[in-house]
Amino acid sequence: MKKIWTIFILLILSSSVLIAQNKLIFHTEYVDQLMRWMDTGCSSSNTNKLTLQPAASIMEQLLKKQEGKTTPDFIDVLKSYNYADSTSGSIYLLNEAYKYKGVIAALLEEIKKSDFTESIYSRGLKYFPCDYVPPRRYEVFFTATGWKWGDAMTFNYAVENNKYTISSSGVPAIIFNLTLVSKLYGNSTTERMAQLENVMSHELFHAIFADYRTKHWNNEKVWTEGKLENKMLYLMLNEGFAHYISYRELLIENYNKNERLIQYEKDAFEALATNSNIIFNSASCDSLKNSALGKGLYGNFWEKYICVTGFFMAYHIEQHYGIEGLKECILNTPFTFIKKYSIIPDVEHLPKIPEPITKYVSQ
């Protein structure tokens, strides 16, 4: 009997460790301070404290990375900010944050009291090998300022002397801009929270996948930092999976009932064909290739052909091969993702992978 109880206790402890591990660490301090700063008149004498917050430093670095080094320092924009001027602070979205501060505050309180991170983990982890345990608890930094397209991003950071620095080889983490979440994710706190969960599951997949491929893929940098052709295929897998994890249930429910989805799929594969003729053409210059790649990653949801083709490919692979089929794609390189889709039994009824890609994969 004692042995049985010992095993039972060990099982409970093991389960508790896994539950504790599968929790996101939320950093809300910067947004809390920003809201108080705005509610008390945006005094320029209180700006230094804001910029010392890790989320503010990360946000500033990400914005400068996207917009260029000529972007002014955040502290200078804070000191000159005038909430009565609709153009003041536009670079960092300060005026937008001020406009939505009531909505942001309500959303932040809901985030603090909600416990949804376990369900977010389960959505992403189901496609990794059953015995895979993420090596860390992932951090989510919240901001209400930053890049105009940066509602949610995955990034890597390093810390030295309490200074947070964006680093390609650092720790994976996530950042959310609650101003853009408030503006774009619905018309009520309930709608915004539902969409926030979807997007957070998307970003968490990227963070988990970053750790997984670094440890388990041979020559991982061949895909993430190598030839543009490899990078495109890697992004089809990475972004396609992340989009699929966000909207899997909606796609499963509506794919065979909504002709618009079929058209979006067709359009995305046509864009893939057009741009793969550029990217996989040795005669194309790098600037042309990079421009073609960028079209697949930025813009309106359905216009991001790299993300959308991968999204539909993940759906069809799971429909035909089950979860194990998608796990095989995560376990191996993007070539497996392309090949797995290409040999689906009724593939003649589905959009085809363009010839430049199939030729490259078969080499």
For Y185, does its backbone N or O pair with a side-chain atom of R192 as donor and acceptor, under 3.5 Å?
no
side-chain hydrogen bond (donor to acceptor under 3.5 Å, both in side chains) against H202, all qualifying residues, sequence neighbours excluded
H206
Do any N or O atoms from the side chain of N95 and from the backbone of S86 form a donor-acceptor pair under 3.5 angstrom?
yes
Would you call K113-E110 a salt bridge at under 4.0 Å N-O?
yes
Is the shortest distance from a Lys or Arg side-chain nitrogen in E229 or K289 to a carboxylate oxygen in the other one below 4.0 Å?
yes
For residues Y98 and W37, establish whether the separation of their ring centroids is below 6.0 Å.
no
Please list, chain by chain and in numerical order, all residues satisfying side-chain hydrogen bond (donor to acceptor under 3.5 Å, both in side chains) with S90, sequence neighbours excluded.
none
Pairwise salt bridge (charged side-chain N to carboxylate O under 4.0 Å, His left out) hits with a residue in residues 170-190, at least two apart:
E96-K183
State which residues pass side-chain contact (heavy atoms from CB on, under 4.5 Å) with K163; sequence neighbours excluded, sorted by chain then number.
T165
Test side-chain contact (heavy atoms from CB on, under 4.5 Å), reference R213, set N238, I330, T333, L237, output is N238
What distance do K148 atom NZ and I91 atom CD1 have between them, rounded to the nearest 0.5 Å?
11.0 Å
Quick one: hydrophobic cluster around I278, which other residues, with the 4.5 Å side-chain cut-off, linked directly or via members?
L288
Determine the interplanar angle of the Y127 and Y244 rings, folded into 0 to 90°, and report it as parallel if under 30°, tilted if 30 to 60°, perpendicular if over 60°.
tilted
Output a table of donor-acceptor pairs, distance under 3.5 Å, between side-chain atoms of residues 322-329 and any protein atom two or more places apart or on a different chain; print 'none' if there are none.
unit_1	atom_1	unit_2	atom_2	d
E328	OE1	K340	NZ	2.9

Restricting to non-hydrogen atoms, name the atom on Y121 and the atom on R136 that form the minimum distance, rounded to 0.1 Å.
OH-O, 4.2 Å
Would you say the side-chain atoms of Q61 pair up with the backbone N or O of S57, donor to acceptor, closer than 3.5 Å?
yes
By salt bridge (Lys or Arg N to Asp or Glu O under 4.0 Å), which residues pair with E109, not counting sequence neighbours?
K112
State which residues pass side-chain contact (heavy atoms from CB on, under 4.5 Å) with K221; sequence neighbours excluded, sorted by chain then number.
T224, E225
Could you list the residues that satisfy side-chain hydrogen bond (donor to acceptor under 3.5 Å, both in side chains) with T87, not counting sequence neighbours?
D85
Checking P356 now: which residues fulfil side-chain contact (heavy atoms from CB on, under 4.5 Å) with it, not counting sequence neighbours?
S276, N277, F280, P354
Return the set of residues passing ring pair (Phe, Tyr, Trp, His ring centres under 6.0 Å) with Y132 (not counting sequence neighbours), or none when no residue passes.
F128, Y212, H216
Assess whether atom NZ of K101 is packed by more than 12 heavy atoms of other residues, nucleotides or ligands within 6.0 Å.
yes
Using ring centroids (six-membered ring only for Trp), state whether F337 and F241 fall under 6.0 Å.
yes
Sorted by chain and residue number, the side-chain contact (heavy atoms from CB on, under 4.5 Å) partners of V361 (sequence neighbours excluded) come out as L233, F335, I338, K339, I357
Is it true that I25 and V159 fall in one hydrophobic cluster, defined by side-chain heavy atoms closer than 4.5 Å?
no
In short, S182 meets L107 closest at the heavy-atom pair OG-CD2, 3.9 Å
